[in-house]
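Hydrogens, waters and symmetry mates play no part in the numbers below; they use all other heavy atoms, side chains included. Whatever order the structure lists them in is the order used to number ligands and atoms, beginning at 1.
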Amino acid sequence: MNIRFEQAETLKEKPQGALGFGKKFTDYMFVMDWKEGKGWHDERIVPYAPMIIDPAAMVLHYAQETFEGLKAYRGKNGEVYLFRPDMNAKRFEKSNERMCMPSVPEEMFVEAIKELVKVEEAWIPTGEGESLYIRPFMYANEVALGVDQADNYRFIIVLSPVGAYYPEGVNPIKIYVEDELTRATVGGTGFVKCGGNYAGSLAGQMKAKKLGYTQVLWLDGVHRKYVEEVGSMNVMFLIDDVVVTAPIEGTVLAGVTRDSILQLVKDWGYKVEERHLEIYELMKAGKEGRLQEAWGTGTAAVISPIGELFYKGEKVEVNEFKTGELTQKLYDTLTGIQWGDVEDEHNWRV
Ligand code: PMP
């Protein structure tokens with residue numbers, strides 16, 4: 001890839017104090033364009049700035065848009081790490097295929113991230129739990145209103161320094177189990193990281209918030225019975241010493257954190273079941289004291305312990321609303337690998 005670099009006239013002040021999530025952006029972004037017959041071209045790292053978009057750009061009407069999310073970490077030795085970026089590249093490929101969008105080859109995706117992160121290395125925050133969030137995305141920018149696959153796309157990567165998800169340490173969250181709205185069905189786009197999925201999930205998220213819950217747990221779209229995933233996390237349960245999570249069958253996003261956590265618990269000798277778990281079975285296990293721990297997994301929070309489940313007016317408390325032993329060990333181990341403090345047996349750090 002031949003990446004052109006355009007120098008910014010002035011550089012921004014690096015942020016001071018709490019960073020939050022996805023609110024501050026670095027000085028540069030990576031951009032490249034795709035055109036039918038020409039393929040990817042004009043790869044460039046240019047100053048981060050608002051863009052002009054035609055009001056009839058297809059993405060604004062029919063939402064042909066995909067994205068990814070990963071982080072760069074600064075180790076204590078000063079080294080910069082990415083965590084399994086090949087997994088994001090592969091998932092992006094699957095998303096683009098489903099949305100009839102052009103492929104970004106894995107090497108190109110990873111190289112673009114590496115080059116941009118190298119330019120913006122000074123933006124990787126070094127406070128406890130802080131990292132540089134990487135947001136690659138692609139959208140249809142052909143100017144046309146016919147519903148069709150576009151013949152023009154733009155791929156961009158922006159970077160955002162982000163704070164520790166839990167500044168006061170890992171804390172349990174309350175989960176609202178949505179029994180009416182659904183997020184995905186087999187044959188649909190549940191496994192795709194496309195903006196439309198998230199727009200469609202907001203109504204559930206708002207319901208949960210109103211009732212004082214942090215996140216929504218989605219049930220399957222056909223029976224509204226089987227546990228799928230939580231907001232922007234996959235979800236796992238320790239029931240009778242077995243780790244149970246939804247299978248990857250087209251409705252759930254194949255989380256990079258999910259895959260890594262399942263590997264770790266298998267390494268530690270736990271039995272893992274990737275299966276359909278009925279909400280009734282889960283609530284029953286909770287009431288009988290057999291639901292030992294529950295947690296969500298995702299790039300942003302790494303691990304979110306679940307302290308309470310609310311389903312159709314019934315509440316189940318998990319582990320007395322305390323972070324479980326396994327949940328804490330998983331958090332410590334995975335963040336340890338990501339920041340370079342724990343041996344990386346599976347070669348996940350790049
Ligand atoms: N499910 C959904 C719907 C998500 O948006 C995310 C965040 N990408 C996840 C699960 C977790 O995926 P990952 O571990 O790759 O961040």
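When non-hydrogen atoms are compared, ligand 1 lies under 4.0 Å from the side chain of R183 (C-beta onward) but not from its backbone.
For the pair E229 and ligand 1, the shortest N or O to N or O distance falls below 3.5 Å. Checked against a 3.5 angstrom limit, the closest N/O atoms of N88 and ligand 1 fall outside it. Considering backbone and side-chain atoms alike, T297 places every N or O at 3.5 Å or more from each N or O of ligand 1. Checking only distances, L253 never comes within under 3.5 Å of ligand 1, N or O to N or O.
Note on R224 versus E178: no salt bridge recorded, every NZ/NE/NH1/NH2 to OD/OE distance being 4.0 Å or above. Salt-bridge annotation for R44 and D33: present, with a side-chain N of the basic residue lying under 4.0 Å from a carboxylate O of the acidic one.
In summary, of the residues considered (W34, Y139, F92), a ring pair (Phe, Tyr, Trp, His ring centres under 6.0 Å) with F155 occurs for F92 alone.
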Original post:
Where do L334 and L330 land on the side-chain contact (heavy atoms from CB on, under 4.5 Å) test, with the steps shown first?
Top reply: CA-CA 6 Å; L334 198 60; L330 285 168; over 6 Å; no
Subject >> Steps toward ring pair (Phe, Tyr, Trp, His ring centres under 6.0 Å) verdict (Y73, F83) >> reply: CA-CA 8 Å; Y73 309 84; F83 184 74; 7.0 Å; no
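The salt bridge (Lys or Arg N to Asp or Glu O under 4.0 Å) test applied to E320 returns K322, not counting sequence neighbours.
Residue Y198 has at least one heavy-atom neighbour below 4.0 Å for each of these atoms of ligand 1: 2 (C), 3 (C), 4 (C), 5 (O).
Using a 4.0 Å heavy-atom cutoff, R91 is listed among the residues neighbouring ligand 1. The closest approach between K193 and ligand 1 falls below 4.0 Å for a heavy atom of the residue. Residue contact check for ligand 1: G231 places a non-hydrogen atom closer than 4.0 Å to it.
Evaluated by nearest non-hydrogen atom to atom 14 (O) of ligand 1, the leading choice among L70, V192, T257, V230 is T257.
The distance from the CG atom of L326 to the OH atom of Y331 is 15.5 Å, given to the nearest 0.5 Å.
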